[in-house]
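Here is how names work: the chains are called A, B, and so on, in the same order as the sequence lines, proteins then strands, and each is numbered from 1.
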2 protein chains.
Amino acid sequence: MTDRVRVLLADDEHLIRGALAALLALEDDLTVVAEAASGPEALAMATAHRPDVAVLDLQMPGLDGLEVAAELRHRLPDCRVMIVTGHGRPGYLKRALEVGVRGFLPKTVSASDLAGIIRTVRAGGRYVDPELAAEAISAGDSPLTPRETDVLELAADGSSIAEIADRASLSQGTVRNYLSSAAGKLGAENRHAAVRIAREHGWL
Amino acid sequence: MTDRVRVLLADDEHLIRGALAALLALEDDLTVVAEAASGPEALAMATAHRPDVAVLDLQMPGLDGLEVAAELRHRLPDCRVMIVTGHGRPGYLKRALEVGVRGFLPKTVSASDLAGIIRTVRAGGRYVDPELAAEAISAGDSPLTPRETDVLELAADGSSIAEIADRASLSQGTVRNYLSSAAGKLGAENRHAAVRIAREHGWL
DNA sequence: GGTCGGCGGTGACAAATGTCATCGGGTGCC
DNA sequence: GGCACCCGATGACATTTGTCACCGCCGACC
């Protein structure tokens with residue numbers, strides 16, 4: 001542990017990001033070398049400063065944390081990526097692990113925990129919040145087929161079947177079949193409840 | 001300004017709250033006298049420590065920031081209340097001002113701004129984020145009657161008309177009338193789109 | 001080759017939903 | 001008193017939606 005850990009912080013909330021940076025600066029083996037307020041900016045800062053660890057907020061303008069993580073994996077394979085999230089829906093954890101994220105934690109952890117986890121991740125370890133992990137395991141995989149997911153996503157804003165069919169370039173009958181099937185798999189009464197359930201599980 | 005400003009911090013995200021506390025502690029005229037992670041806890045800490053300024057997150061378990069603000073207004077009329085929010089929907093600002101909140105700002109402000117605004121509010125001033133204010137003005141008041149709002153709220157989770165009627169103790173026909181009227185006023189195609197629109201405006 | 005599942009579609013039917021007119025009771029305002 | 005508006009309800013009607021059965025096509029897997 002001869003060198004200090006070089007950290008990139010990405011969070012669109014300036015207040016939070018600044019506070020975190022100030023707080024991590026108190027740890028004498030950590031250095032915040034770059035900050036970003038959006039997904040694309042995070043990528044740019046990462047390639048410019050080549051941090052050891054990137055701490056990404058899940059929800060950011062432009063590209064979200066997962067998209068940035070996926071891109072970083074290709075551009076900077078040596079950079080470890082951690083995701084910090086406010087409300088952690090289970091499905092995100094699974095997707096995060098798939099794109100090589102080494103740490104996944106809610107914002108309810110304490111600052112000293114965060115510093116510790118950064119060190120763990122830097123050393124090659126992994127950390128996943130136990131509660132989020134339990135939820136993810138109990139939630140399991142999405143039972144929906146890719147197409148069902150697509151169509152359900154188009155239904156998410158309350159559009160009519162006709163609109164969905166139009167945007168998906170499908171016949172209305174097909175759309176109804178998919179939505180009916182998806183609602184059945186999710187145990188929902190109608191497509192709108194299905195959207196809500198899929199959202200809660202992070203399957204959307 | 002002989003005394004230091006006594007501040008209460010309430011935010012359910014431990015990481016954020018701790019970071020903010022550390023950051024405000026750097027200002028030599030501010031003291032964080034209490035922290036809370038939920039609405040009820042915020043109330044309890046406030047009555048126990050009688051802060052000059054309460055900085056409340058909008059979304060908290062138990063009671064949200066607005067409910068805490070309303071309660072504080074009665075219990076501690078001398079305590080100035082500020083709301084800090086992640087994604088600020090317009091309607092909340094209006095409701096916040098109605099319950100006597102003196103400061104309303106998004107988490108995108110910088111830490112030094114926050115400290116400055118705390119001082120402003122403490123001195124009896126007000127501060128509202130200009131962008132949120134503009135949105136609130138353009139959004140205007142909700143066109144919905146109280147009952148329409150109630151029923152729309154019950155429809156928010158994708159329930160069927162029958163369930164809504166049951167929970168609201170209304171006839172199904174009445175429920176449909178209210179929803180139809182609400183959808184019409186909001187320019188929505190159906191009640192689900194109406195829910196989305198009302199949510200976006202903070203009218204729900 | 002056979003089977004299974006996903007994809008896209010059609011047709012038909014029942015149920016849910018949206019829409020409209022209309023009613024009575026209440027409240028508040030001019 | 002007259003008027004406007006909200007509340008709650010009913011009935012009728014057209015439309016949308018959900019559900020099911022069934023079709024062909026394709027790719028994967030055994």
Side-chain angles (χ1 to χ4, degrees), chain A residues 91 94-95 98 139-204, chain B residues 91 94-95 98 139-204:
Chain A
K94 182 169 162 50
R95 279 191 271 166
E98 281 166 2
D141 279 9
S142 169
L144 305 178
T145 70
R147 220 66 186 101
E148 283 166 356
T149 307
D150 290 347
V151 176
L152 198 56
E153 201 149 2
L154 290 174
D157 63 349
S159 308
S160 66
I161 299 274
E163 275 180 280
I164 298 169
D166 196 50
R167 280 191 281 164
S169 301
L170 290 174
S171 85
Q172 300 197 11
T174 302
V175 169
R176 285 196 301 200
N177 286 340
Y178 281 149
L179 290 176
S180 179
S181 165
K185 287 177 180 176
L186 298 178
E189 273 195 336
N190 55 47
R191 60 202 160 100
H192 307 287
V195 165
R196 185 180 51 79
I197 293 171
R199 277 240 176 82
E200 284 171 1
H201 287 77
W203 291 335
L204 204 69
Chain B
K94 183 170 162 48
R95 279 190 272 166
E98 281 166 3
D141 279 8
S142 168
L144 305 178
T145 71
R147 222 67 186 96
E148 283 167 356
T149 307
D150 290 346
V151 175
L152 198 56
E153 200 150 2
L154 290 173
D157 63 349
S159 306
S160 66
I161 300 274
E163 277 180 279
I164 298 169
D166 196 50
R167 281 191 282 165
S169 301
L170 289 175
S171 84
Q172 300 198 9
T174 302
V175 169
R176 286 194 299 192
N177 285 341
Y178 281 147
L179 289 176
S180 178
S181 165
K185 287 178 180 175
L186 298 177
E189 273 195 336
N190 55 48
R191 61 199 159 103
H192 307 286
V195 165
R196 184 180 51 79
I197 293 171
R199 277 239 176 83
E200 285 169 2
H201 286 76
W203 292 334
L204 205 69

Review point. If you look at every strand shown and take non-hydrogen atoms under 4.0 Å, does Asn177(B) touch a base, only sugar-phosphate, or nothing?
Key: base
Revision key, fill the gap. From CG of Leu144(A) across to C1' of dC7(C) the rounded distance in Å is 15 Å
Exercise for review: Answer yes if the side chains of Ser181(B) and Glu148(B) hold a donor-acceptor pair under 3.5 Å, and no otherwise.
Suggested key: yes
Review point. Rounded to whole angstroms, how far apart are CZ on Arg176(A) and C1' on dG18(D)?
Key: 8 Å
Study note, to complete from the structure: Leu170(B) CG to dC7(D) P, in whole Å, measures 10 Å
Check your understanding: Atom CD of Glu189(A) to atom P of dA14(C): distance rounded to whole Å?
Key -> 21 Å
Review point. If you pin Gly173(B) and Pro143(B) to their nearest nucleotides in DNA chain D, which one's is more 5'?
Key: Pro143(B)
Review point. OP1, OP2 of dC20(D) versus side-chain N and O of Ser180(A): anything below 4.0 Å?
Key: no
Point to revise | Rounded distance (Å) that lies between atom C1' of dT17(C) and atom CG of Leu154(B) | key: 17 Å
Exercise for review: Tell me what Thr145(B) touches on the nucleic acid: a base, only sugar-phosphate, or nothing, going by heavy atoms under 4.0 Å.
Suggested key: sugar-phosphate
Point to revise | 5'-most by nearest nucleotide on DNA chain C - Arg191(B) or Gln172(A) | key: Gln172(A)
Revision key, fill the gap. Looking only at dT17(C), dC7(D), dT10(C), the nucleotide nearest the Ser171(A) side chain is dT10(C)
Review point. Whole Å only: how far is the NE2 atom of His192(B) from the P atom of dG18(D)?
Key: 8 Å
Review point. Touch check for Arg147(A), heavy atoms < 4.0 angstrom, all strands: base, sugar-phosphate only, or nothing?
Key: sugar-phosphate
Check your understanding: Got a salt bridge between Asp150(B) and Arg167(B), using NZ or NE/NH1/NH2 to carboxylate O under 4.0 Å?
Key -> no
Point to revise | Which nucleotide in dG18(D), dC7(D), dG18(C) has an atom nearest any side-chain atom of Ile161(B) | key: dG18(C)
Point to revise | Check: Asp157(A) side chain, Arg196(B) main-chain N or O, donor-acceptor pair, under 3.5 Å | key: no
Check your understanding: Looking only at heavy atoms, what is the nearest atom pair of Thr149(B) and Trp203(B), with distance?
Key -> CG2-O, 3.7 Å
Review point. Whole Å only: how far is the CG atom of Leu186(B) from the P atom of dT19(C)?
Key: 12 Å
Review point. OH of Tyr178(B) versus C1' of dC20(C): gap in Å, rounded?
Key: 16 Å
Point to revise | Check: Thr174(A) and Val151(A) side chains under 4.5 Å, non-hydrogen atoms | key: no
Check your understanding: Should Thr174(B) be listed as having a side-chain N or O under 4.0 Å from OP1 or OP2 of dC7(D)?
Key -> no
